[in-house]
Chemist: 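Starting off with a structure, shown below.
Worth saying up front: this structure is predicted, and the values here are computed from it rather than measured.
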Amino acid sequence: MRKNLFSILMIVISFTSFAQDKVNFSEKFKKENQGKYKIEINEVKELINIMVAITNTGKENDDMVQQKGQYYQDLRTYFKPYENEKIIKTFDSLMVSSIFNYIFLTGNAISYNFKGNKLVKSDVFIFPATGVANMKIDENPITRYRKDIEDFAKKSKFRKFYSNHQPFYAGIISDYEKNANLGRQWKWLENNFETKKDSYIILCSPLINGLNYTGQFDNNNFSLIHMNLPPVDNYPNLTPLENELLNTRVMFTEIDHNYVHAPTEANKDLINKIFADRKTWVDEKVEGIFAYPKPVSVFNEYMTYGVYVLYCKDQYDQATFEKVNKDIISIMTERGFTKMKLFSENLLKIRQAYPKEKIDKWYPEFIKLFAE
């Protein structure tokens, strides 16, 4: 993905698993994670990311796979002898059939851990990625291809590669800790929505580029938000504030999917009615718009970016806010969401009318503004 402050074309997909048997949050897990967040470059997930990166689809798609930097060059050299393995061709065929299989492969990677050269099932994450947009699966692909994935990891000496890059991974995690402002975003969202979350996990990879996704797991009265994101950026040609805004936007517009969901669900009949005329709200010719097939998914994408505008209005000075608002309108229009200017105007209008109210409270009145 070619990221900058002024124009961006990306596919951002949100999936949420609500089935209670897909995760298992024990009392011990809850106690250890309550009120906390962590950033992780998960070993099995990185294996799957690397396997995806060396498929033909991965090599041809620099929006999906980050192809800049020494890390990508290292893995291409290290794993080149294994690019024609059967499992790599299988992964490629899956992604050719549907790009959503990228999410089903990488999203379910956390359901296994390494024990020596074997993959063993996680006690916590059972089947974490079951559906995205209008596509659902009933079999965990990591379970289905477990033996082939194990064989690839052993043959390619993946665990040695992963071990050798630990200092690099540690640097990525440290950058998140210093620059991502996750705690500040979390506090603002919980002050402005009825929804409360117990914990966050950022599943990061230096190979993630434009295909970011988020989800929520609920089990045993515990809610965990997971985000699958690239490393934070630090462009030398941008000011510290511009870098902060860029990194905040990438993260915030993933996090707030999980807060927007509840009031949207409560008002989905109204949204489906007012946003029914698809051609009014999106440009079907724009790449990636297929990921938002229903009025509710279209509205949610507008709303997640709109809430980011509200966050910036509260957190930054007027000049910075006005620039952010202008940039978001430009970004969303490029992505095919052609009414972002109107959406932002109505959002700011309703916020001004109810400055102290939770966003959930004025959702119905806000939605009705688009029927006028």
Side-chain angles (χ1 to χ4, degrees), residues 12 14-18 20 23 25 27 29-40 176-204 212-229 232 244-245 247-268 271 296 299-316 320-321 324-325 328 344 347-348 350-367:
V12 182
S14 172
F15 72 80
T16 307
S17 172
F18 292 102
Q20 295 303 299
V23 293
F25 296 149
E27 294 302 320
F29 178 90
K30 289 166 60 177
K31 184 177 180 180
E32 290 174 348
N33 292 278
Q34 179 65 51
K36 298 177 183 177
Y37 67 86
K38 67 178 178 178
I39 300 102
E40 178 181 335
Y176 255 108
E177 296 282 4
K178 289 185 291 187
N179 300 316
N181 296 320
L182 176 55
R184 189 168 77 180
Q185 296 175 50
W186 187 359
K187 181 179 180 180
W188 186 91
L189 284 162
E190 303 221 340
N191 284 340
N192 284 275
F193 283 90
E194 299 287 353
T195 298
K196 306 299 179 192
K197 305 300 178 186
D198 296 300
S199 185
Y200 283 81
I201 182 171
I202 297 173
L203 295 161
C204 187
N212 313 153
Y213 56 94
T214 184
Q216 173 179 320
F217 299 129
D218 295 299
N219 177 257
N220 194 19
N221 297 313
F222 192 87
S223 180
L224 170 69
I225 300 302
H226 67 90
M227 294 172 284
N228 297 260
L229 297 172
V232 295
E244 178 182 328
L245 291 168
N247 289 314
T248 299
R249 175 173 55 75
V250 170
M251 180 180 291
F252 190 96
T253 55
E254 290 301 328
I255 296 174
D256 70 342
H257 272 285
N258 303 286
Y259 291 84
V260 164
H261 174 82
T264 293
E265 185 68 14
N267 294 277
K268 65 181 178 181
I271 292 169
V296 162
F299 175 86
N300 271 350
E301 195 65 6
Y302 273 112
M303 192 65 183
T304 55
Y305 278 78
V307 172
Y308 171 67
V309 170
L310 296 184
Y311 172 80
C312 289
K313 184 169 178 57
D314 286 353
Q315 297 293 319
Y316 298 99
T320 301
F321 156 70
V324 166
N325 192 32
I328 289 299
S344 182
L347 195 57
L348 291 167
I350 199 79
R351 178 68 163 191
Q352 186 175 17
Y354 303 103
K356 302 298 183 182
E357 293 279 359
K358 300 279 190 182
I359 290 171
D360 310 62
K361 298 292 186 184
W362 46 254
Y363 233 71
E365 186 175 341
F366 169 61
I367 296 163

Chemist: When rounded to the nearest 0.5 angstrom, what is the spacing between CG in Leu348 and CG in Leu310?
Modeler: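 Between atom CG of Leu348 and atom CG of Leu310 there are 6.0 Å.
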Chemist: Please name the residue in the list Arg249, Arg184, Lys178 that meets the salt bridge (Lys or Arg N to Asp or Glu O under 4.0 Å) test with Glu244.
Modeler: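 Passing option: Arg184.
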Chemist: What residues form a side chain to side chain donor-acceptor pair (under 3.5 Å) with Lys361, not counting sequence neighbours?
Modeler: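 For Lys361, no residue satisfies side chain to side chain donor-acceptor pair (under 3.5 Å) once neighbours in sequence are set aside.
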Chemist: Report yes if some heavy atom in the side chain of Arg351 is under 4.5 Å from a heavy atom in the side chain of Ile359; otherwise report no.
Modeler: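 Side-chain contact under 4.5 Å: yes.
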Chemist: Has Asp314 got a side-chain atom pairing as donor or acceptor with Tyr311's backbone, closer than 3.5 angstrom?
Modeler: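 Between the backbone of Tyr311 and the side chain of Asp314 there is no qualifying donor-acceptor contact (under 3.5 Å).
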Chemist: Does one side chain, of Asn258 or Thr214, offer a donor that lies under 3.5 Å from an acceptor on the other?
Modeler: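 Yes - a donor-acceptor pair under 3.5 Å links their side chains.
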Chemist: If you count heavy atoms of other groups shown closer than 6.0 angstrom to NZ of Lys30, is the number above 12?
Modeler: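 Yes, the 6.0 Å shell around NZ holds more than 12 heavy atoms from other groups.
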Chemist: Taking the side chain as C-beta and beyond, is there a heavy-atom pair between Ile202 and Tyr37 under 4.5 Å?
Modeler: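 No, every pair of side-chain atoms sits at 4.5 Å or beyond.
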Chemist: Between Lys197 (side chain) and Leu224 (backbone), is there a donor-acceptor pair under 3.5 Å?
Modeler: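 Such a contact is absent between Lys197 side chain and Leu224 backbone.
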Chemist: Is there a side-chain contact between Trp362 and Leu347 (heavy atoms, below 4.5 Å)?
Modeler: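 SC-SC contact between Trp362 and Leu347 confirmed.
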Chemist: Is it true that a side-chain atom of Asn33 and a backbone atom of Ser199 form a donor plus acceptor pair closer than 3.5 Å?
Modeler: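 Looks like no, no N/O pair under 3.5 Å.
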Chemist: If we ignore hydrogens and angles and just use 3.5 Å, is the side chain of Lys196 paired with the main-chain N or O of Glu190 as donor and acceptor?
Modeler: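 Here the side-chain-to-backbone pair exists.
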Chemist: Assess, by modelled atom type and distance only, whether the side chains of Ser223 and Asp198 contain a donor and an acceptor separated by less than 3.5 Å.
Modeler: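 No, no side-chain donor-acceptor contact under 3.5 Å.
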Chemist: Fit a plane to each ring of Phe252 and Tyr308, take the angle between them on a 0 to 90° scale, and name the class: parallel (under 30°), tilted (30 to 60°) or perpendicular (over 60°).
Modeler: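 Judged by the thresholds at 30° and 60°, the geometry between Phe252 and Tyr308 is tilted.
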Chemist: So which heavy atom on Trp188 is nearest to which on Asn192, and how close?
Modeler: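 Smallest interatomic distance, heavy atoms only, reads O-ND2, 2.8 Å.
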Chemist: Tell me, please, whether Phe321 has Lys313 positioned over its six-membered ring: NZ or CZ under 6.0 Å from the ring centre and within 45 degrees of its axis?
Modeler: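 Geometry flag: set, cation within 6.0 Å and 45°.
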Chemist: Are more than 12 heavy atoms, taken from residues, nucleotides or ligands other than Gln34, located less than 6.0 Å from that residue's CD atom?
Modeler: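 More than 12 within 6.0 Å, yes.
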Chemist: Pick from Phe299, Tyr354, Tyr259: which one makes a ring-ring contact (aromatic ring centres under 6.0 Å, His included) with Tyr363?
Modeler: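 Single ring-ring contact (aromatic ring centres under 6.0 Å, His included) partner of Tyr363 among Phe299, Tyr354, Tyr259: Phe299.
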Chemist: Can any side-chain N or O of Asn247 pair as donor or acceptor with the backbone N or O of Val232 at less than 3.5 Å?
Modeler: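 It does not hold such a pair.
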Chemist: Are Gln185 and Asp256 linked by a side-chain donor-acceptor pair shorter than 3.5 Å?
Modeler: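 No donor-acceptor contact under 3.5 Å links the two side chains.
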Chemist: With a 4.5 Å limit on heavy-atom distance, are the side chains of Asn212 and Met227 in contact?
Modeler: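 No, too far: nothing below the 4.5 Å cut-off.
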